[in-house]
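What follows is a short report on a single structure.
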Amino acid sequence: MTIDEQLAVLRRGTTEIIDEAELRKKLEKDRPLRIKLGVDPTARDVTLGWAVVLRKLRDFQKLGHQAVLVIGDFTAMIGDPSGKSKTRKQLTREEVLINVEAVKKQFGKILDIEKTEIRPNSEWLGKMNFEDVLRLCGKVTIARIMERDDFTKRWDAHQPIGMHELMYPLLQGTDSVALEADVELGGNDQKFNNLMGRQLQAANGQEAQCVVLSPLLVGTDGKEKMSQSLGNYISIVDSPNDMFGKTMSIPDELILNWFELCTDVPMDEARSLAAGHPRDAKVRLAKEIVALYHSAEAASEAEKYFVETFSNRQQPVDAEPAPIPAELGDEIPLANLISALGMAKSNGAARDLIKQGGVSLDAEKVADPFAKFSRGDLVGKVLRVGKHQFRKLE
RNA sequence: GGGGAGUUGCCCGAGUGGCCAAUGGGAACAGACUGUAAAUCUGUCGGCGAAUGCCUUCGGAGGUUCGAAUCCUCCACUCCCCA
C-alpha cells in the first residue's frame, strides 16, 4: 500500500491529525511504528464510542504497525477529568483490576490481541519517587495546565479541582515517554493530554509523537457523547437484539456519522444509503454493527426479531423462559410476579405498569392492577411488560 | 489563620417549624401516535399495603419541640473574599 493509500485509511473517522506531514514522514520509515492508545479501566464494558478509537488502532495494526495498549491502572486512581464537571471518584486497586479483566476480553473482538503489546502504566508510574514527580512537575507551568478547557470551566464555575487531577495530563504524557510512542490515538477530548505527551517527549530528547484524534460518538439519545454513565450507550457485548434495537433508535441525522465511525462500509456507499429511506439505512447500519461484533447470521436474526416484535407488534417466538417462583403460592397476584421476576422494580411499580396498559399475557392486555391468576393459568403463557420485556412462564 | 455562602430524591434545583415523600425542570419508564426504542401528546416516577395508613429519606451525629428538610450544638466536605 502506498503512503497515500495508508493515509486515506487512517483519515477515515478522524477529526484531526497533528500533524499530517509529520505522520507521513513517520510512515516513510521502514519500521513498524509504535501506536499508543491509553485505556482507562473505569468502565466495565467497551461501548461503540470507545470502539471508534480501538478500531482506529486496529487500522494501524492492519497496516503492519505495533499496537501498544496502555492500561491506565495507575491513572485510573486519579480518573481523567476530561469533560467532567466533577471530580471523579478515585478507584481502588481492586476495582481497577476487576474492570481491566472484563474489558481486556472485549478488546479481542476488535484488535488482534496476540499482536498487541499491553502494558499497565503502573509499570513505570508506580516506580516514580517524589523527586521524580517534582522533576516532572517542573517541566510544566500552572498556566499551561489551566489552559485546559475543563479545568478553566470548573475554575470559573467555582467547582472543586483536586491537585491530583492537575497531574493527569503529565502522567499520560509520561506514558508516551516510557513507551517511546510514535503516534498516540485518542478521542477528541484527549487532545490536551496527547499534546502533553509531545511536550514531554521533546523535553526528554525524543521525537514527538503524532496525535490522531477521533470524534466522540454521539450516543443513542442523539445528544450527549456515548457513555456508560449516561446510559445512552451500546456495548459491544450487548446481545444482537439489543444492539439492533438500540441502533434503530438513534436519530436519523446520526446515520451517516455512525456508518463512518462504527462500520467498515465504504463512505460512498454509506452516503447513498443515508440519502435513501432512513429506516432502511438504519436497518443496514444495525446489521453491519451486529455482524461486526456477533455474526452475519445473528444480524439477520436480530432484524427478523425487530420487525416481528416492533414493526408488526407480535410476540417474539422465543421469549426468555422464566420459572414462576414457588414462594408466590398458587393464587398469584400478577404485580407480585412481575416484580419477583425483576421486570419491575417493586410491586407498586408493577401495578403502575398494569394501570398504564403496559402489561399483557399472551398478547391480551391485563387491565386490573390487582389481578390474580392461578399457577396453572399462567404456565406456558408469554408475559409482556412494557415494550421489550418478554418472559415465557413456566 | 479570619470572614462569608453552601451540602435536598438518578441529575439540576425550590422549600426556612405542622397543609412535605417534599414545587419545578431534565432523565427514566408506560400509553397513544409513528418507518423507529425519533419527535409530539398523556400518564407514572421512595418502599409496603385494597385502603384510611405504616416505614425509610433532605451531608453525618446528637439535641430542642406535641411536631424538624426547616431551630440549636458538634463533626465532615465544597466554594468565595481577605491573609
Side-chain angles (χ1 to χ4, degrees), chain A residues 48 83-90 151-165 218-235 238-258 273-287 289-290 302-314 316 328 331 333-336 338-340 342-360 363-372 383-390:
Chain A
L48 286 188
K84 296 278 167 186
S85 52
K86 286 181 183 169
T87 307
R88 235 190 220 183
K89 87 170 181 156
Q90 290 178 263
F151 289 145
T152 309
K153 277 190 189 139
R154 277 159 63 179
W155 183 263
D156 290 344
H158 303 315
Q159 281 170 343
I161 302 173
M163 283 283 280
H164 64 297
E165 294 182 90
V218 174
T220 51
D221 59 358
K223 291 176 201 138
E224 307 277 352
K225 98 174 208 200
M226 182 178 286
S227 85
Q228 274 174 77
S229 46
L230 293 174
N232 61 353
Y233 70 100
I234 299 178
S235 156
D238 274 348
S239 72
N241 288 344
D242 275 353
M243 230 181 229
F244 196 99
K246 285 183 188 174
T247 304
M248 290 302 287
S249 78
I250 66 171
D252 296 349
E253 312 82 71
L254 250 42
I255 294 174
L256 184 59
N257 182 248
W258 275 47
L273 280 164
H277 195 298
R279 184 202 50 218
D280 298 337
K282 257 195 257 187
V283 166
R284 173 66 189 281
L285 175 65
K287 285 177 78 174
I289 291 173
V290 174
E303 178 186 11
K304 210 174 106 198
Y305 175 91
F306 186 85
V307 170
E308 276 176 7
T309 312
F310 299 112
S311 305
N312 300 341
R313 290 157 186 266
Q314 290 167 0
L328 290 175
E331 275 299 300
L334 192 61
N336 297 43
I338 290 168
S339 72
M343 298 170 86
K345 66 178 190 220
S346 68
N347 294 345
R351 280 192 294 268
D352 285 343
L353 287 170
I354 297 174
K355 270 185 236 161
Q356 294 178 97
V359 173
S360 56
E364 260 185 65
K365 272 194 186 176
V366 180
D368 176 11
F370 303 106
K372 286 187 182 176
L383 173 64
R384 172 176 187 158
V385 176
K387 286 184 188 107
H388 37 275
Q389 292 196 90
F390 297 92

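Every chain is numbered from 1, with letters handed out A, B, ... down the list of sequences.
Pair assignment for B:C54 gives B:G47, based on Watson-Crick or G-U wobble hydrogen-bonding distances that are each under 3.5 Å. Pairing of B:C41, defined by two Watson-Crick or G-U wobble distances under 3.5 Å, is identified with B:G31. A 3.5 Å limit on both hydrogen-bonding distances identifies B:A5 as the Watson-Crick or G-U partner of B:U78. B:G18 is paired with B:C66 under the criterion used here, namely a Watson-Crick or G-U wobble arrangement in which both key atom distances are under 3.5 Å. B:G24 is paired with B:C12 under the Watson-Crick or G-U wobble criterion, all donor-acceptor distances under 3.5 Å.
Between A:Leu334 and the options A:Val359, A:Asp368, A:Val385, a side chain to side chain contact (heavy atoms under 4.5 Å, CB included) holds for only A:Val359. Screening A:Lys282, A:Lys287, A:Arg284 against A:Glu303 for a salt bridge (Lys or Arg N to Asp or Glu O under 4.0 Å) leaves a single residue, A:Lys287.
Residue-to-nucleotide proximity on RNA chain B shows that, of A:Val385 and A:Lys246, the 5′-proximal contact is made by A:Val385. Nearest-nucleotide assignment on RNA chain B puts the 5′-proximal partner with A:His277, out of A:His158 and A:His277.
A distance of about 10 Å separates the C1' atoms of B:U7 and B:C58, rounded to the whole Å. Taking atom C1' in both B:C33 and B:A38, the straight-line distance is 12 Å, to the nearest Å. Rounded to the nearest Å, the gap between the C1' atom of B:G13 and that of B:G25 is 8 Å. B:G47 and B:U56: their C1' atoms are spaced 7 Å apart (whole Å). B:C81 and B:C10 are spaced 34 Å apart, taking the C1' atom of each and rounding to whole Å. As rounded to the nearest Å, B:U16 and B:A5 have C1' atoms that lie 16 Å from one another. The gap from the P atom of B:G62 to that of B:U57 amounts to 11 Å, rounded to the nearest Å. A gap of 27 Å separates the P atoms of B:U42 and B:A51, to the nearest Å.
The CH2-C1' distance, from A:Trp155 to B:C80, rounds to 11 Å in whole Å. We find that NZ of A:Lys345 is positioned 8 Å from C1' of B:A28, with the value rounded to whole Å. If you take CG of A:Asn241 and C1' of B:A37, they are 13 Å apart, rounded to a whole angstrom. When the C1' atom of B:U42 is taken as reference, atom CG of A:Leu353 falls 16 Å away, rounded to whole Å. Here B:A37 presents its P atom at 11 Å from CZ of A:Phe390, a figure rounded to the nearest Å. We find that CG of A:Asn232 is positioned 17 Å from P of B:C11, with the value rounded to whole Å. Across the protein-nucleic acid pair, A:Leu285 atom CG and B:U36 atom P stand 17 Å apart, rounded to whole Å. For the pair A:Asp352 CG and B:A30 P, the computed distance is 13 Å after rounding to whole Å.
No donor-acceptor distance shorter than 3.5 angstrom exists from the side chain of A:Asn241 to the backbone of A:Phe306, with no hydrogens or angles considered.
OP1 or OP2 of B:A32 sits under 4.0 Å from a side-chain N or O of A:Lys365. Here A:Arg351 does not reach the OP1 or OP2 of B:C48: none of its side-chain N or O atoms lies under 4.0 Å away. Taking only side-chain nitrogens and oxygens, A:Thr220 never comes nearer than 4.0 Å to OP1 or OP2 of B:A37.
Across B:G31, B:U78, B:G35, the shortest atom-to-atom separation from the side chain of A:Pro160 is found for B:U78. You'll find that the side chain of A:Gln356 is closest to B:U44, out of B:U36, B:U44, B:G47. Each of B:A30, B:A37, B:A32 was ranked by its minimum atom distance to the side chain of A:Ser249; first place goes to B:A37.
Within the cation-pi definition used here (under 6.0 Å to the ring centroid, within 45° of the axis), A:Lys304 does not qualify as a partner of A:Phe244.
Counting any heavy atom pair closer than 4.0 Å across all strands shown, A:Gly245 reaches a base atom. Contact annotation for A:Asn347: backbone-only contact, meaning every heavy-atom pair under 4.0 Å involves sugar-phosphate atoms and none involves a base. A:Lys282 comes within 4.0 angstrom of a base, heavy atoms only. Within the nucleic acid shown, A:Lys372 has no heavy atom closer than 4.0 Å to any nucleic acid atom.
The minimum heavy-atom distance linking A:Gly357 with A:Lys365 is given by the pair O-CE, 3.4 Å. Of all heavy-atom pairs spanning A:Leu285 and A:Ile255, the tightest one is CD2-O, 4.3 Å. Of all heavy-atom pairs spanning A:Trp155 and A:Ile161, the tightest one is N-CD1, 4.0 Å.
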